[in-house]
Number of protein chains: 2
Amino acid sequence: MALSRAAIVDAGLTILDEYGLGDLSMRRVADALGVQAGALYYHVPNKQSLLAAIADQILSSLPTLPERVTSDDGGPGRVEGTQRHLTSWAHDLRAALLTHRDAAELVASSHALGLGSVDPTAEGRDLLARTGHPEPEATVAALLHLVLGHVVEEQTRAQMHALGVVEHFDPALAERHFRVGVATFVRGVAAVG
Amino acid sequence: MALSRAAIVDAGLTILDEYGLGDLSMRRVADALGVQAGALYYHVPNKQSLLAAIADQILSSLPTLPERVTSDDGGPGRVEGTQRHLTSWAHDLRAALLTHRDAAELVASSHALGLGSVDPTAEGRDLLARTGHPEPEATVAALLHLVLGHVVEEQTRAQMHALGVVEHFDPALAERHFRVGVATFVRGVAAVG
DNA sequence: ACCTGAACACCGTTCAAGT
DNA sequence: ACCTGAACACCGTTCAAGT
């Protein structure tokens with residue numbers, strides 16, 4: 001099979017899951033594809049753009065929010081609906097990140113650098129804008145940071161635990177802390193003004 | 001002058017400010033001290049612990065919260081005082097991070113790895129615990145993630161802007177978004193139950 | 001057009017040997 | 001005790017040369 005950008009991204013994702021972000025090198029990706037490292041640069045400009053493409057692939061599995069909010073007429077259930085949707089957006093994002101090793105760190109750096117074509121905040125921002133929130137941009141950015149920061153820590157600690165660097169790690173506790181953090185923020189979103 | 005752990009940390013911090021985290025290598029630190037790279041390993045076990053020590057140094061400049069809350073008798077001003085203190089804690093942390101290049105990224109990874117002896121969440125957690133908040137741990141962790149995530153992005157974008165990768169960057173807008181994000185979260189903290 | 005082979009300029013870390 | 005010199009096993013990226 002001929003080398004292609006898609007095949008490179010795919011091999012990269014496999015190596016990410018198997019060896020982690022720290023051991024994801026261009027040479028290793030090339031090896032997995034039975035090719036010299038230099039060959040990759042015919043299909044991908046550099047390592048960072050490859051990492052961004054892998055981050056995009058991971059984010060592309062994010063479910064789309066139901067559009068119920070749009071058809072809502074602005075009655076008393078509007079704010080509660082927004083809260084629910086924002087909360088499930090955060091939990092969906094976490095779930096998507098947990099499906100691949102070091103995904104949170106990868107997505108966080110790709111997002112900070114402004115690379116990557118999949119914007120995970122798009123849905124949440126639209127949701128807030130539709131419901132008339134005065135600061136959709138800053139609000140969804142803050143929630144994204146909260147989610148990414150939590151999952152980065154969660155995935156790092158889980159790996160250290162798996163590697164025997166004991167440091168007791170309780171997945172259920174991590175999830176509860178996540179829920180509390182998201183709920184706290186979403187309460188603040190509801191209490192605008 | 002004889003080589004020492006403190007001198008190495010100091011040289012590392014200088015290199016961080018001058019060249020950034022990506023160019024902070026053991027060899028470069030050794031060069032700055034006029035010594036072979038291997039010599040560093042007599043004073044520091046590895047690069048990660050050096051980075052953690054630099055992160056600690058940066059965090060040690062964090063101002064201590066006034067203890068007013070403790071002497072408060074729990075009257076009607078208690079919650080407002082907690083909100084104010086939590087808000088200023090977040091802003092102080094951001095200010096401390098902005099004094100050194102890539103400080104947010106450095107502190108974030110040091111914190112995620114559980115390295116570093118300075119815990120930036122200690123004060124905020126105590127504050128919440130004293131005021132009877134049911135979830136001090138999860139709450140302060142979420143706020144820390146929000147702050148770190150924001151400043152990582154802020155510092156990354158500022159550098160890319162400085163390097164001419166235009167991508168318009170407005171420091172004032174970044175600060176406003178930070179304020180909005182923190183205010184939103186703190187509102188949610190106040191609305192517990 | 002696409003890939004190889006080989007190089008360039010780096011890394012973190014280890015360790016015998018010197019002082 | 002503390003540091004040098006040199007090595008080991010890697011990196012990302014470039015580029016002439018081949019097909």
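By convention in this document, chain letters (A, B, ...) are assigned in the order of the sequence lines, proteins followed by strands, and residues within each chain are numbered from 1. The basis for the numbers below is simple: all heavy atoms, side chains too, and nothing from hydrogens, waters or symmetry mates. What you are looking at is a predicted structure, and each value in this text was computed from that prediction instead of being measured.
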J.: Between Leu97(A) and Leu148(A), is the side chain to side chain contact (heavy atoms under 4.5 Å, CB included) condition met? List the steps.
T.: CA-CA 9 Å; Leu97(A) 294 172; Leu148(A) 289 176; 3.8 Å; yes
J.: Please find the pair of heavy atoms, one from Val29(B) and one from Gly12(B), that lie closest to each other, and give the distance.
T.: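 That closest heavy-atom pairing would be CG2-CA, 4.1 Å.
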J.: Atom CD1 of Ile15(B) to atom P of dG12(C): distance rounded to whole Å?
T.: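 In whole Å, dG12(C) P lies 11 Å from Ile15(B) CD1.
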J.: Salt bridge check: are Arg101(B) and Glu18(B) linked by an N-O gap of less than 4.0 Å?
T.: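 Judged by the 4.0 Å cut-off on N to carboxylate O distance, Arg101(B) and Glu18(B) do not form a salt bridge.
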J.: So, OP1 or OP2 of dA1(C): does either fall under 4.0 Å of a side-chain N or O from His43(A)?
T.: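 Checking His43(A) against dA1(C): no side-chain N or O falls below 4.0 Å of OP1 or OP2.
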J.: Could you write out DNA chain D as a dot-bracket string, with dots for unpaired bases, | for bases paired across to another strand, and Watson-Crick or G-U pairs counted at under 3.5 Å?
T.: ||.|||||...|||||.||
J.: Rounded to whole angstrom units, what separation is found between the CG atom of Leu33(A) and the P atom of dC2(C)?
T.: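 So the CG-P distance, Leu33(A) to dC2(C), works out to 15 Å.
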J.: Using whole Å, what does the distance between atom P of nucleotide dT13(C) and atom CG of Asn46(B) come to?
T.: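 Atom CG in Asn46(B) sits about 5 Å away from atom P in dT13(C).
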J.: Scan residues 41-52 of chain B for pairs that pass salt bridge (charged side-chain N to carboxylate O under 4.0 Å, His left out), counting only residues two or more places apart or in two chains.
T.: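 Salt bridge (charged side-chain N to carboxylate O under 4.0 Å, His left out) check on residues 41-52 of chain B returns no pairs.
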J.: Compare side-chain N and O positions of Tyr42(A) against OP1 and OP2 of dC2(C) and report whether any pair is under 4.0 Å apart.
T.: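 So the side chain of Tyr42(A) is within the cut-off, an N or O lying under 4.0 Å from OP1 or OP2 of dC2(C).
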J.: Round to a whole Å and report the spacing from CD of Gln36(B) to P of dC11(C).
T.: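 It works out to 13 Å between those atoms.
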J.: With hydrophobic residues grouped by side-chain heavy-atom distances under 4.5 Å, do Leu13(A) and Tyr19(A) end up in a single group?
T.: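 Yes; tracing contacts between hydrophobic side chains, which count when under 4.5 Å, links both residues.
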J.: Shortest non-hydrogen contact from Leu98(B) to Glu154(B)?
T.: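 Smallest heavy-atom distance, with atoms named: CD1-OE2, 4.2 Å.
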J.: Taking the side chain of Val35(B) as heavy atoms from C-beta outward, which of dA1(C), dT4(D), dA1(D) is closest to it?
T.: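 Nearest to the side chain of Val35(B) among the choices is dT4(D).
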J.: Tell me which nucleotide among dC11(D), dT4(D), dG12(C) gets nearest to the side chain of Lys47(B).
T.: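 Among dC11(D), dT4(D), dG12(C), the one nearest the side chain of Lys47(B) is dG12(C).
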J.: Whole Å only: how far is the CE atom of Met26(A) from the C1' atom of dC3(C)?
T.: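 Atom CE in Met26(A) sits about 14 Å away from atom C1' in dC3(C).
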J.: Please tabulate the protein-to-nucleotide N/O contacts below 3.5 Å involving nucleotides 14-19 of chain D, giving atom names and distances.
T.:
none

J.: Is Asp170(B) salt-bridged to Arg176(B), going by a charged N under 4.0 Å from an acidic O?
T.: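 No, Asp170(B) and Arg176(B) are not salt-bridged.
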J.: Got a sec, which residues hit salt bridge (charged side-chain N to carboxylate O under 4.0 Å, His left out) with Arg28(B), two or more places apart in sequence or on another chain?
T.: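 Result, salt bridge (charged side-chain N to carboxylate O under 4.0 Å, His left out) vs Arg28(B): none returned.
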J.: Rounded to whole angstrom units, what separation is found between the CD1 atom of Ile8(B) and the P atom of dT13(C)?
T.: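 It works out to 13 Å between those atoms.
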J.: Measure CD/Gln48(A) against C1'/dG12(D) and give the value in whole Å, please.
T.: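 Answer to the nearest Å: 11 Å.
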J.: Same hydrophobic cluster for Val152(B) and Leu21(B), using side-chain heavy-atom links shorter than 4.5 Å among ILVMFWY?
T.: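 No.
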J.: Please list all pairs passing the ring-ring contact (aromatic ring centres under 6.0 Å, His included) test where one or both residues lie in residues 136-173 of chain A, with sequence neighbours left out.
T.: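 Applying ring-ring contact (aromatic ring centres under 6.0 Å, His included) to every pair that reaches into residues 136-173 of chain A, excluding sequence neighbours, yields His150(A)-Phe178(A).
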J.: When rounded to the nearest Å, what value does the distance between C1' atoms of dC10(C) and dA9(D) take?
T.: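 dC10(C) and dA9(D) have their C1' atoms separated by 13 Å.
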J.: Rounding to the closest angstrom, what is the interatomic distance between dC8(C) and dC11(D) at atom C1'?
T.: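 dC8(C) and dC11(D) have their C1' atoms separated by 12 Å.
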J.: Which atom names give the shortest non-hydrogen contact between Arg157(A) and Ala112(B), and what distance separates them?
T.: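 So the minimum-distance heavy-atom pair works out to NE-O, 3.5 Å.
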J.: Ignoring hydrogens and geometry, is there a side-chain-to-backbone donor-acceptor pair from Arg187(A) to Ala191(B) under 3.5 Å?
T.: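 At least one qualifying donor-acceptor pair exists.
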J.: Between the protein and nucleotides 7-10 of chain C, list every N/O to N/O distance that falls short of 3.5 Å.
T.:
from   : atom 1 : to       : atom 2 : distance (Å)
dA7(C) : N6     : Arg27(A) : NH2    : 3.4

